[in-house]
Amino acid sequence: MKQILPPNAKISKEAKETMQECVSEFISFVTGEASDKCHKEKRKTVNGDDICWALASLGFDDYSEPLKRYLYKYREVEGERASHNKASNNEEKDDSSKYRGESILKATVYPHTPLKLPGNIDRSNSLSRRF
């Protein structure tokens, strides 16, 4: 918030909290739409494409398109990283055979766990669902 305001502007604690509540509602609203789509398609995992679809279907095209581009680049980088790690692990496996069959491999794990949502989400407390 401070980046958009003049340098001498102050932001009250109440304004920060209100903004955080709005952001949380927005995220819930978009995620709920994506979750509904997944539920209709009998899927339990919401992925980035579902979030992009939800943004577009809710009229947030200005956010959807840049997010699609970001997601594409992110997947490219992750794919390259996975290929690099696979190649590194294969090289280490070749080297490990020199050590009497003992494995000297140390796997690097990159957290990439998709968001799993339960089938029945109660959104009764969500302000965005009331509109």
Side-chain angles (χ1 to χ4, degrees):
M1 286 172 52
K2 286 185 176 184
Q3 294 172 349
I4 197 74
L5 297 172
N8 60 345
K10 297 188 189 253
I11 304 167
S12 72
K13 183 178 178 182
E14 181 184 13
K16 290 177 186 177
E17 289 172 358
T18 301
M19 197 63 186
Q20 184 59 49
E21 287 178 30
C22 291
V23 169
S24 294
E25 278 299 316
F26 178 76
I27 291 169
S28 294
F29 185 53
V30 173
T31 305
E33 189 73 12
S35 178
D36 290 347
K37 176 183 186 268
C38 292
H39 181 72
K40 288 175 188 171
E41 295 175 359
K42 296 185 181 3
R43 293 187 294 122
K44 293 182 179 181
T45 304
V46 174
N47 61 39
D49 295 316
D50 298 320
I51 299 297
C52 292
W53 175 88
L55 285 167
S57 72
L58 293 169
F60 297 105
D61 297 312
D62 290 347
Y63 298 106
S64 176
E65 291 306 315
L67 186 59
K68 284 179 188 176
R69 289 192 299 273
Y70 175 83
L71 187 58
Y72 177 79
K73 289 287 186 188
Y74 174 81
R75 288 175 176 164
E76 269 186 346
V77 170
E78 284 296 304
E80 289 169 5
R81 183 180 293 168
S83 295
H84 176 72
N85 286 340
K86 187 175 180 181
S88 295
N89 286 341
N90 286 340
E91 288 173 12
E92 289 178 13
K93 284 180 185 177
D94 292 343
D95 291 344
S96 68
S97 63
K98 298 174 188 173
Y99 298 98
R100 296 173 282 149
E102 296 175 12
S103 176
I104 60 169
L105 297 177
K106 292 183 180 177
T108 304
V109 178
Y110 293 96
H112 182 62
T113 307
L115 176 64
K116 298 242 180 195
L117 298 174
N120 54 351
I121 299 173
D122 179 20
R123 294 189 194 97
S124 59
N125 293 333
S126 175
L127 292 174
S128 58
R129 289 293 178 180
R130 294 181 192 158
F131 296 107

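In this text, all values refer to a predicted model and were calculated from it rather than measured experimentally. Atoms considered below: every heavy atom in the structure, side chains included; atoms not considered: hydrogens, waters and symmetry mates.
- Aromatic ring pairs are classed by plane angle as parallel below 30°, tilted from 30° to 60° and perpendicular above 60°; the pair Tyr74 and Tyr70 is parallel.
- Judged by distance alone, with hydrogens and angles left aside, the side-chain atoms of Ser57 form a donor-acceptor pair with the main-chain N or O of Ala54 at under 3.5 Å.
- Atom NZ of residue Lys68 and atom CD of residue Glu65 lie 4.0 Å apart, to the nearest 0.5 angstrom.
- Of all heavy-atom pairs between Leu58 and Val30, the closest is CD1-CA, 4.0 Å.
- Phe26 and Ile51 fall within the same hydrophobic cluster, where Ile, Leu, Val, Met, Phe, Trp and Tyr residues are linked whenever their side-chain heavy atoms come under 4.5 Å apart, directly or through other members.
- Taking CD of Glu21 as the start and CD of Glu25 as the end, the distance is 8.5 Å to the nearest 0.5 Å.
- Residues Ile11 and Met19 are not in side-chain contact: their nearest non-hydrogen atoms beyond the backbone lie 4.5 Å or more apart.
- Within a 6.0 Å sphere centred on CD of Glu41, heavy atoms belonging to other residues, nucleotides or ligands number more than 12.
- The CD atom of Glu33 lies 11.0 Å from the SG atom of Cys38; values are rounded to the nearest 0.5 Å.
- There is no path of hydrophobic side-chain contacts, each under 4.5 Å, that joins Leu71 to Val46.
- Between Glu78 and Arg75 no salt bridge is recorded (no basic side-chain N to carboxylate O distance below 4.0 Å).
- A donor-acceptor pair under 3.5 Å is absent between the side-chain atoms of Ser35 and the main chain of Thr31, judged by distance alone.
- Once rounded to the nearest 0.5 Å, the distance linking CZ of Phe29 with CG of Leu55 reads 10.0 Å.
- Residue Leu67 holds its CG atom at 12.5 Å from CG of Asp61, rounded to the nearest 0.5 Å.
- With Ser28 contributing its side chain and Ser24 its backbone, the two residues share a donor-acceptor pair below 3.5 Å.
- Shown here is Tyr63, whose OH atom has no more than 12 heavy atoms of other residues, nucleotides or ligands within 6.0 Å.
- Side-chain contact between Lys37 and Lys40: absent, with no pair of heavy atoms (C-beta onward) separated by less than 4.5 Å.
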